[in-house]
2 protein chains.
Amino acid sequence: MAERRSVDKRVTSHEVALRAGVSQSTVSRALAGDPRLSEATRLRVLEIARSLGYKPNAIARSLITKRTNIVGLVASNMANPFYPLVLEAFTQHLHSLGWRVLLFTAGSREDVDDLLPEVLAYQVDGLIIVSAAMSSRMARECVGRGTPVVLFNRYVPDSGASAVSCDNRGGGRKVAEALLRAGYRRLAYIAGREDASTSVDRERGFGEALLEHGVKTWLREPGNFSYEAGFNAAMRLLRLDEPPEAIFCANDITAIGAIDAARKLKVRVPEDLAVIGFDDIPAASWAAYNLTTVRQPIERMIEASVRLLLGRIEDPSLAAVNEFIPGELVRRGSARLDVAPKEG
Amino acid sequence: MAERRSVDKRVTSHEVALRAGVSQSTVSRALAGDPRLSEATRLRVLEIARSLGYKPNAIARSLITKRTNIVGLVASNMANPFYPLVLEAFTQHLHSLGWRVLLFTAGSREDVDDLLPEVLAYQVDGLIIVSAAMSSRMARECVGRGTPVVLFNRYVPDSGASAVSCDNRGGGRKVAEALLRAGYRRLAYIAGREDASTSVDRERGFGEALLEHGVKTWLREPGNFSYEAGFNAAMRLLRLDEPPEAIFCANDITAIGAIDAARKLKVRVPEDLAVIGFDDIPAASWAAYNLTTVRQPIERMIEASVRLLLGRIEDPSLAAVNEFIPGELVRRGSARLDVAPKEG
DNA sequence: CTGAAAGCGCTTACAG
DNA sequence: CTGAAAGCGCTTACAG
């Protein structure tokens with residue numbers, strides 16, 4: 001056997017055909033399960049394919065079918081434990097449906113715009129963009145090539161992209177109403193990034209509900225969805241001459257930082273201060289925090305996103321759709337929502 | 001314009017060639033930056049390509065070059081905040097080098113084995129498997145097709161796969177030695193999954209060092225790397241007639257659960273109990289936990305993994321390599337390592 | 001029921 | 001400096 005072997009020993013349908021004594025087309029048909037093939041040939045080809053470890057080259061198939069069965073997933077902000085959960089749920093859901101995921105990370109709309117041409121070069125059949133927007137130019141580009149887009153926890157009206165989001169505004173309202181009902185009056189909001197619709201919408205719902213109930217003013221601190229921002233913002237709030245009785249935070253990590261700041265200042269939670277977050281990440285239910293929060297319905301949001309995306313991949317004539325899925329207020333120990341507060 | 005337009009408007013090199021009045025090969029060369037092309041044609045072609053929004057089809061290119069520039073990344077255990085960080089670092093590092101990431105999730109060796117044929121069908125140039133192993137059969141399969149594999153925080157000797165891992169055994173030793181030096185004697189280990197080399201090696205190093213210093217026995221509880229497992233295991237340990245003075249946990253999440261259990265039982269950390277973790281996830285430095293832990297050097301581990309993988313992609317004759325990178329003991333508030341404990 | 005052939009959109013020797 | 005042609009590994013009309 002002085003025969004030269006190529007370095008890479010990937011087996012092709014031609015080799016299978018050779019050994020099976022059939023044409024290459026027949027091999028292709030056997031693996032595709034074409035019903036026209038005779039049982040005998042099909043079994044023989046399959047057996048030989050198996051013994052050689054043959055699997056059709058998905059790249060070659062994609063070129064001819066013009067379908068890669070790949071979804072591009074643009075993720076962001078892995079420092080917030082909510083998003084790894086989203087990422088994992090997306091990949092598992094898509095895999096179970098036979099799809100592959102090409103992963104990218106991008107923090108801002110600009111990153112997304114820079115990245116998208118690279119993603120599109122790989123001919124992804126669809127695009128999921130988590131928690132980041134895109135320019136209308138790039139949105140048009142996607143529409144132009146017929147690549148459907150779903151925005152997750154973001155929306156860009158008239159972009160041609162579908163969007164699935166937690167009802168952040170409604171969530172903010174629920175928090176405001178629960179706090180008011182429990183007698184809290186002096187309230188504060190610690191924001192996330194100002195360019196994030198999640199934070200903006202949560203704040204908007206919160207403020208609207210306060211106004212509707214006659215509460216005209218409240219405190220506000222900027223933030224960026226991080227523990228440190230929550231810690232520092234709460235420090236500033238709690239050192240005020242008239243500190244807030246309750247703080248609503250743009251997300252759970254921020255709320256956790258706020259709780260630690262309160263403890264550092266010997267402000268008791270919930271006796272002296274109520275803290276409410278948004279997301280319901282695993283740490284929210286850790287005993288040290290026991291955080292009251294608005295739970296984002298991850299499973300429903302993922303399910304809706306995938307349904308909308310695959311629907312438009314199958315039928316490109318479908319219109320873009322926006323879905324807002326309500327979150328649920330999860331009552332734990334960081335706020336006394338069922339009784340009037342101490343001085344209420 | 002009653003002309004029919006195809007649904008998908010992806011532009012090809014042929015269209016660019018047509019408009020530029022050159023051959024399709026010339027378009028390909030212009031975009032590849034072939035130096036033989038005249039400046040004039042190159043610029044003209046590039047300008048037309050730009051105006052049409054043309055980008056070469058990476059799938060077609062891959063078919064001919066037999067290189068996809070895609071790395072398959074098999075991730076696991078997103079519930080442990082350490083791994084999203086790893087995932088993000090990998091994608092960013094690979095992207096900056098011009099590589100794409102095809103993402104899969106798998107919890108066990110069996111999952112990996114089931115998944116790998118799908119990954120390989122996409123002709124990935126290399127494979128990174130995070131925190132899970134693979135059968136030697138699949139490892140052989142990868143070697144056979146010339147697809148290099150790097151295992152991250154796992155190793156499979158003689159598999160042909162490279163491996164990069166934190167020096168878990170050394171980390172366990174450091175913890176044991178620091179505790180003994182500080183005077184702790186009655187010690188415990190809360191394990192992770194028994195099939196995880198990370199947990200096994202940490203425990204081994206811990207036990208070895210104890211034995212070498214004459215400590216012959218210690219307590220042990222099973223676990224699974226989760227908060228709940230840490231909480232429950234610590235509950236059992238602390239209710240013992242002679243509870244441990246210090247608990248070393250297989251990872252940070254487990255340690256955080258253990259701290260919360262201690263607090264629930266009014267056992268003070270670190271006064272009555274030292275708790276030490278492994279990973280140094282962000283939550284380890286949250287004020288509520290202030291966890292002493294062994295930091296895994298993520299950046300160095302990622303850098304080494306990518307270097308080993310790409311090295312073997314460029315030169316398949318390179319041998320598989322195992323690298324163990326030392327972790328650093330980060331001293332925070334959950335253990336008194338610089339003084340003898342109360343009753344020491 | 002099966003095969004020969006075309007073609008997906010590129011890259012890259014081979015010519016000139 | 002540029003073009004015509006082959007070919008990557010498939011799928012899928014088109015024949016028979």
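All chains are named by letter (A, B, ...) in the order of the sequence lines, taking the proteins before the strands, and each is independently numbered beginning at 1.
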Between B/Pro35 and B/Ala60, who's closer to the 5' end of DNA chain D by nearest nucleotide? B/Pro35
With nearest nucleotides of DNA chain D determined for B/Glu39 and B/Leu63 from heavy-atom distances, which residue corresponds to the more 5′ nucleotide? B/Glu39
Can you tell me the distance, in whole Å, between the [atom1] atom of [X] and the [atom2] atom of [N]?
X	N	atom1	atom2	answer
B/Ile59	C/dT11	CD1	P	13 Å
A/Asp34	C/dG3	CG	P	13 Å
A/Glu15	D/dC8	CD	P	12 Å
A/His14	C/dA5	NE2	P	12 Å
A/Asn57	D/dC8	CG	C1'	9 Å
B/Arg67	D/dG9	CZ	P	16 Å
B/Leu31	C/dG9	CG	P	16 Å
B/Arg42	D/dT2	CZ	P	11 Å

When you measure from the side chain of [X], which nucleotide among [options] comes out closest?
X	options	result
B/Val22	C/dT11, C/dC10, D/dG3	D/dG3
B/Thr12	C/dC10, D/dT11, D/dT2	C/dC10
B/Ile64	D/dA5, D/dG9, D/dG7	D/dG7

side-chain N/O [X] vs [N] OP1/OP2, d < 4.0 Å:
X	N	answer
A/Arg36	C/dC1	no
A/Ser25	C/dA5	no
A/Ser13	D/dC10	yes
B/Lys66	D/dG9	yes
A/Thr41	C/dT2	yes
A/Thr26	C/dT2	no
B/Tyr54	C/dC10	yes
B/Ser38	D/dT2	yes

Regarding A/Ser38 and A/Thr41, do their side chains bring together a donor and an acceptor under 3.5 Å, going by distance alone? yes
Under 3.5 Å, is there a donor-acceptor pair linking the side chains of B/Thr68 and B/Tyr122? no
Hunt down the Watson-Crick or G-U wobble partner of D/dA13, both distances under 3.5 Å, from any strand shown, or write none. none
Should C/dA4 form a Watson-Crick or G-U wobble pair with both distances under 3.5 Å, which nucleotide is its partner? none
Are [X] and [Y] ion-paired here, with the side-chain N under 4.0 Å from a carboxylate O?
X	Y	result
A/Glu303	A/Arg300	no
B/Glu323	B/Arg307	yes
A/Arg137	A/Glu141	no

If you look at every strand shown and take non-hydrogen atoms under 4.0 Å, does B/Thr65 touch a base, only sugar-phosphate, or nothing? sugar-phosphate
Take the angle between the ring planes of A/Phe152 and A/Phe90 and call it parallel below 30°, perpendicular above 60°, tilted in between. perpendicular
Is there a donor and acceptor pair closer than 3.5 Å between the side chain of B/Arg29 and the base of D/dG3? yes
